[in-house]
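Start at 1 with the first residue, then count along the sequence. Since the model is a prediction, treat every value here as computed from it, not as a measurement.
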Amino acid sequence: MPGPRGNSLGRPGPKAQNPGKMFKRIMGYVMKSYKIHYTIVIICIITSVLCTLQGTLFMKELIDKYITPYLLTDAEPNFIPLRNAIIRVACFYALGVIASFVQQRLMIVVTQGTMRSMRDELFGKMEKLPIKYFDTHAHGDIMSIYTNDIDTMRQMISMSIPQCINSGITIVTTLISMLILSPWLTLVTLVMVGVMLFCTGFAAKNSGKHFVVQQKQLGTVNGYIEEMITGQKVIKVFCHEEVGKKDFEELNNVLYDASSKANTYANALGPINAQLGNLSYVLCAITGGILAILTPLTVGSVASFLTLNKSFNMPISQVAQQFNSIIMAMAGAERIFALMDEEPETDEGYVMLVNAKDDNGQLTETPEHTGKWAWKHYHKAEGTTDYKPLMGNVVFDGVDFGYTDEKMVLHDIKLEAKPGQKIAFVGSTGAGKTTITNLINRFYDIQDGKIRFDGININKITKADLRRSLGIVLQETCLFTGTIADNIRFGKLDATDEEVIAAAKLANADEFITKLPDGYNTMLTGNGANLSQGQRQLLAIARCAIEDPPVLILDEATSSIDTRTERIIQEGMDKLMHGRTSFVIAHRLSTVKNADCIMVLEQGRIIESGTHDELIALKGKYYSLYTGSAIA
């Protein structure tokens, strides 16, 4: 079974960006809309850290100022100063709790809002990408960016970054406090911290490269699953379940290996740093006890320092543990930004399609829908604008095209479709029939030659307006989740119910729709799985009919339909094609006998053209195809 089309371990992924620049870019999304929120979050973190530190330092005051003096005197102790000190500390702790609550609440807003903005930008960018991108990237791999990679970013923004800020502030304030209490004990602590940082750096270096592979391979696995779900019928027909399982196991094993290696290093950080922290605590306790005996260092100072030692080692361990999330997020960010940085579909067009009306024998633009369209052509050199009626004349003049420059698919294609004509393309699979129709709507751009629409080079027409003038019915119908009426209205979003019904009647779809329990309000899911292939095709024709385009492209729209249903669909298409320029890719040659011109393609070249009778009389390739596959 073939694997997914996207990046895999066998293909190089996007070049890794500079981590510093990538982090700055991530924070750019946060600060763009939530700068004030994040500022308050940082203030809350500082407040919380200082309140906790104040409580830790109170231990020295508690032992040296209250407990020790009370133990050394026989006088009645006065507990009022101690009570006041405890109340003061309690207030600080309460303030710290409030600050922590505000921080957590604001981070929910910041994180979810940032993720929303990022998903919006991702989807907006995806909508601007050329068709070629989706032809070369597995859909499951793209979905993985929206799910897995975005989720790693969420964890980093919501937990890892605030934790690192908290730890950083804790480390600085604790270090200052330790230096004040005892420089010698601080030196012992810093030596052990150096050992912890060495272990952390070693583990992070080795886990980072495996996390990058893990994220990429996760996309590959998702792509394969998506492909297998789509092709379940084919898999079962050919009894390839075991082959599919074997291929999946191979991909899953690669993901397992990468994840195991990454997490082996990452998960080892916690226990290692915890034990090093305990060792640091023991060394400081021993050294502190010696200093308390031999120097003026007080017992309270030693007790406070030991608490600070734990407070100092803990944030370092926490930062080490966050490396796991940060490295995964950076790997995910690399894939997210790779999609965002893809070159969008370019559009240098300036000729627009507008509503027009006849004003004293001249076409003029109007905001109302009149049913008459015109090309609005602005001439920059002269500073003038003229309006040309949309007729549906399409000309190919010496067109060469290849999906890559090294391998050309079409060679010197010359044809003219006059307004209202029906042009049919026939030929063997891979001859270039569908490719020609993809060039008309500029899904791909040609390497040489010209394609003109009503005498205008299509490169000068904005892509949106060019495609708005074209109606397309494909062999594989794509229906969306929603009602039948919604799917028909997809061709014209502001269409009225009456227009929807009229389009359905034109496509011969009204009869089967009205027999459904909910009629036009019948909900469709799973690409219309509750409808037959023929019914889905009729809805596609109705969707095209409501758009009322001057030019039609019908790509083997009846190839997978039975003969009776084909007649119904053909009647609908004939009504739709009446008076419109139509390009038809024929699967059954009997459906194009009445075409004004039949183009016979072979290996990307038009080798014959003419009417059905002319080509039969010629007794060439068409004659051979027709007599060998004609259907009465």
Any non-hydrogen side-chain atom of D494 less than 4.5 Å from a side-chain atom of K492? yes
From I446 atom CD1 to L410 atom CG, the distance as rounded to the nearest 0.5 Å: 10.0 Å
Please list, chain by chain and in numerical order, all residues satisfying salt bridge (Lys or Arg N to Asp or Glu O under 4.0 Å) with D151, sequence neighbours excluded. R154
Check for a donor-acceptor pair, side chain of E608 on one end and backbone N or O of L615 on the other, with a separation under 3.5 Å. no
Gap between atom CG of L538 and atom OG of S532 - 0.5 Å precision: 7.5 Å
Please find the pair of heavy atoms, one from L506 and one from A545, that lie closest to each other, and give the distance. CD2-CB, 3.7 Å
Nearest heavy-atom approach of P549 to C544 is CD-O, 3.3 Å
So which atom in P419 and which in T581 form the shortest heavy-atom distance, rounded to 0.1 Å? CA-OG1, 3.3 Å
d(M340 CE, L129 CG) to nearest 0.5 Å is 11.5 Å
Derivation of the side chain to side chain contact (heavy atoms under 4.5 Å, CB included) call for V409 and Y444: CA-CA 12 Å; V409 178; Y444 300 93; over 6 Å; no
Identify the two heavy atoms, one from W375 and one from S469, that lie closest to each other, and give their separation to 0.1 Å. CH2-OG, 4.0 Å
Could you check K414 against F396 for side chain to side chain contact (heavy atoms under 4.5 Å, CB included), going step by step and ending with a plain yes or no? CA-CA 5 Å; K414 295 180 180 179; F396 278 61; 5.8 Å; no
Measure from the side-chain N and O atoms of K433 to the backbone N and O of G427, and report whether any donor-acceptor pair falls under 3.5 Å. yes
Please check: side-chain N/O of N438 versus main-chain N/O of F443, any donor-acceptor pairing under 3.5 Å? no
Which distance, rounded to the nearest 0.5 Å, do you find between the CZ of R489 and the CG of D497? 5.0 Å
Please enumerate all residues that pass side-chain contact (heavy atoms from CB on, under 4.5 Å) together with Y146, with sequence neighbours excluded. L122, F123, M126, I142
Considering only heavy atoms from C-beta outward, does the side chain of F248 approach that of M228 to under 4.5 Å? no
Which residue pairs satisfy the salt bridge (Lys or Arg N to Asp or Glu O under 4.0 Å) criterion with at least one member in residues 531-552, sequence neighbours excluded? D548-R580
Donor-acceptor pair between N393 and E416 side chains, under 3.5 angstrom: yes
Check the pair R335 / D149 against salt bridge (charged side-chain N to carboxylate O under 4.0 Å, His left out), numbers first and verdict last. CA-CA 7 Å; R335 286 158 48 82; D149 296 330; 2.6 Å; yes
Please list all pairs passing the ring-ring contact (aromatic ring centres under 6.0 Å, His included) test where one or both residues lie in residues 510-555, with sequence neighbours left out. none
Tell me whether K125 at atom NZ has more than 12 heavy atoms from other residues, nucleotides or ligands lying less than 6.0 Å away. yes
After noting the C-alpha distance and the side-chain angles of F480 and D486, does the key distance pass the side chain to side chain contact (heavy atoms under 4.5 Å, CB included) rule? CA-CA 9 Å; F480 300 95; D486 290 337; over 6 Å; no
Residues Y403 and T435: side-chain donor-acceptor under 3.5 angstrom: yes
Nearest heavy-atom pair of P550 and L390: which atoms, and what distance? CG-CD2, 2.8 Å
With sequence neighbours left out, the residues meeting side-chain contact (heavy atoms from CB on, under 4.5 Å) with E343 are none
Pairwise side-chain contact, I488 with I513, heavy-atom cut-off 4.5 Å (strictly under): yes
Are more than 12 heavy atoms from other residues, nucleotides or ligands located less than 6.0 Å from atom CD of E382? yes
Are the side chain of E499 and the backbone N or O of T496 linked by a donor-acceptor pair below 3.5 Å? yes
Can a donor-acceptor pair be found, under 3.5 Å and without considering hydrogens, that links the side chain of R442 to the backbone of L466? no
Within-4.5 Å side-chain heavy-atom neighbours: I225 and V221: yes
Check the pair I472, T437 against side chain to side chain contact (heavy atoms under 4.5 Å, CB included), reporting the backbone distance first and the verdict last. CA-CA 9 Å; I472 302 177; T437 60; over 6 Å; no
Would a distance-only check, ignoring hydrogens and angles, find a side-chain to backbone donor-acceptor pair under 3.5 Å from D358 to L363? no
Tell me whether the count of non-hydrogen atoms from other residues, nucleotides or ligands lying under 6.0 Å of CE in M391 goes above 12. no
If you measure from CG on L524 to CG on N487, what distance do you get to the nearest 0.5 Å? 5.0 Å
Looking at K505, I'd like to know if its NZ atom is crowded, meaning that more than 12 non-hydrogen atoms belonging to other residues, nucleotides or ligands lie closer than 6.0 Å. no
Do N355 and E365 come close enough that some side-chain heavy atom pair is under 4.5 Å? no
Once you round to the nearest 0.5 Å, how far does CZ of F401 lie from CD1 of I451? 9.5 Å
Backbone of D454 reached by a side-chain donor or acceptor of K388 within 3.5 Å: yes
Lys/Arg-Asp/Glu bridge criterion (N-O < 4.0 Å) met for K132, D135: no
Any idea which heavy atoms bring Y623 and K619 closest together, and the distance? CB-CA, 3.4 Å
I'd like to know if the side chain of T611 reaches the main chain of E614, judged simply by a donor and an acceptor atom lying under 3.5 Å from each other, with no hydrogens or angles considered. yes
Q447, CD: over 12 other non-hydrogen atoms inside 6.0 angstrom: yes
For a 4.5 angstrom cut-off between non-hydrogen side-chain atoms, does F425 reach V584? no
Would you please indicate if the ring centroids of Y378 and Y350 are separated by under 6.0 Å? no
Excluding sequence neighbours, so at least two apart, what forms side-chain contact (heavy atoms from CB on, under 4.5 Å) with Q421? K418, I423, D596
Below 4.5 Å, heavy atoms only, C-beta onward: do F453 and V551 meet side chain to side chain? yes
If you define the side chain from C-beta out and look only at heavy atoms, does anything of L554 sit under 4.5 Å from M577? yes
Exceeds 12 heavy-atom contacts within 6.0 angstrom, atom NZ of K593: no
Are E249 and K246 close enough for a salt bridge, meaning some N to O gap below 4.0 Å? no
Expected output: side-chain E602 to main-chain I607 donor-acceptor under 3.5 Å: no
Determine whether a donor-acceptor pair (N or O, by modelled atom type, separation under 3.5 Å) exists between the side chain of T483 and the backbone of T522. no
